[in-house]
Amino acid sequence: MKSKYSKEIKIGAAVLVALLALIFGINYLKGVNLFKAANYYYVSYTDVTGLAQSAPVTLNGYKVGLVREISYEYDNPGHVLVELSLDRKLRIPVGSKAVIVTDMLGTSTVDLHMAPSQNFYEVGAHIEGAEGSGLMDKVSTELMPTVMQIAPHIDSLVVALTAVAGDPSLLNAVKRLDVIMANLEVTTKHLNRAMGTVPALVNNANGTMANIKIMSDDLTKVTKALAVISEDLKNMPIDSTMQNINNITANLDKATEQLNSTNSSLGLLLNDPGLYNNLNSTAAHVDSILIDLKRQPKRYIPSIKVF
């Protein structure tokens, strides 16, 4: 008997563990964490289209809880009661709203709009609910009327575009555009060829700039030499030198005046023709004497023997 009861206890324990695991797994798939403490609040809506259990509850875009359960209020016809499971640390101010927001795919979430109040709801209290306008509602209420107003003008617009597309001038313009593009292509090729000579021009410019630099260095050296010469000229006794030059010039003037005057010996020598004639005649006599000396040396020098 003892072994029979122990076997039944094991089977019961295994079934119990399986049930707990099943419950935990189902709640986990729903997004419910059984081991996390939470506070529960209730919201009443008239329309919960797209809202499902385990839908996220957000605050400023951050998930702070989820939808725990959705049930119809039979004692309040036309309303659906939604149970919210929120983080235990979150406190809801009085006057806050739980707004249902629907995305483009039709999935709804609950967004909390906090009120600026210092008083807070008790856990398990009812929060005011509201249905927000989703994207599809905005499309139906805002975009569709505009589209309906534009629709009658689309037909006339298509007719106008067809007339413009069939206009021969447009075809001619397209052909001219093709010619222009061909010319641009040719021009681009010529421009590329011209740009090919730019490196050579740059090299020549670099060589020219190098020569200019060398010339600039030479001019700098010449300028420095001229500065040294200018400094030397500044230190030279120019006044005394000019005075000496003036004295020499005066003396030359006096010498020239004496040479041109007949009152001096040099002036007579240069200006008296008689002295010139006498010197010529004297030279002629001396020449005749020398000739005669060569012919008859014995007449002038008796001791010389002629062989």
Side-chain angles (χ1 to χ4, degrees), residues 29 31 49-52 54-64 66 99-114 130-235:
L29 294 175
T49 303
L51 187 65
S54 304
V57 179
T58 60
L59 177 62
N60 297 332
Y62 180 76
K63 182 180 178 181
V64 294
L66 51 83
V99 180
I100 295 178
V101 179
T102 306
D103 60 13
M104 184 183 299
L105 299 177
T107 304
S108 298
T109 59
V110 178
D111 188 19
L112 296 178
H113 293 181
M114 295 296 193
E131 291 84 17
S133 59
L135 180 61
M136 297 305 296
D137 293 335
K138 292 182 178 180
V139 169
S140 61
T141 57
E142 297 179 7
L143 183 60
M144 289 306 295
T146 305
V147 173
M148 293 304 294
Q149 292 178 359
I150 297 175
H153 302 284
I154 295 177
D155 189 18
S156 59
L157 180 61
V158 171
V159 173
L161 289 176
T162 304
V164 171
D167 192 354
S169 60
L170 180 60
L171 298 176
N172 295 330
V174 172
K175 292 180 180 179
R176 287 196 296 270
L177 184 60
D178 292 337
V179 175
I180 292 172
M181 294 302 295
N183 293 333
L184 284 176
E185 185 177 358
V186 174
T187 304
T188 304
K189 291 181 180 179
H190 290 304
L191 183 60
N192 290 333
R193 293 176 184 174
M195 291 299 293
T197 60
V198 171
L201 295 176
V202 172
N203 293 330
N204 293 333
N206 292 332
T208 304
M209 292 302 296
N211 295 331
I212 291 174
K213 187 177 184 302
I214 295 173
M215 294 174 62
S216 177
D217 295 339
D218 294 339
L219 289 175
T220 302
K221 294 178 181 178
V222 172
T223 303
K224 292 180 179 179
L226 290 175
V228 173
I229 294 172
S230 176
E231 189 66 24
D232 294 338
L233 289 176
K234 185 188 295 184
N235 296 327

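This is a predicted model, so every value here is computed, not measured.
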**Asked** Got a second to check how far Thr187's OG1 is from Ile180's CD1, nearest 0.5 Å?
**Response** 11.0 Å

Atom pairs and distances, donor-acceptor, side-chain atoms in residues 216-227, under 3.5 Å, two or more places apart:
residue : atom : partner : partner atom : Å
Thr220  : OG1  : Ser216  : O            : 2.7
Thr223  : OG1  : Leu219  : O            : 2.6

**Complete:** NE2 (His190) and OG1 (Thr188) are apart, to the nearest 0.5 Å, by 10.0 Å

**Prompt:** Can you name the residues that form a side-chain hydrogen bond (donor to acceptor under 3.5 Å, both in side chains) with Ser108, not counting sequence neighbours?
**Reply:** Thr102

**Request:** For Thr58, check side-chain hydrogen bond (donor to acceptor under 3.5 Å, both in side chains) against everything at least two apart and list the hits.
**Result:** Asp111

**Prompt:** Arg176: what forms a side-chain contact (heavy atoms from CB on, under 4.5 Å) with it, not counting sequence neighbours?
**Reply:** Asn172, Ala173

**Pairwise salt bridge (charged side-chain N to carboxylate O under 4.0 Å, His left out) hits with a residue in residues 177-190, at least two apart** = none

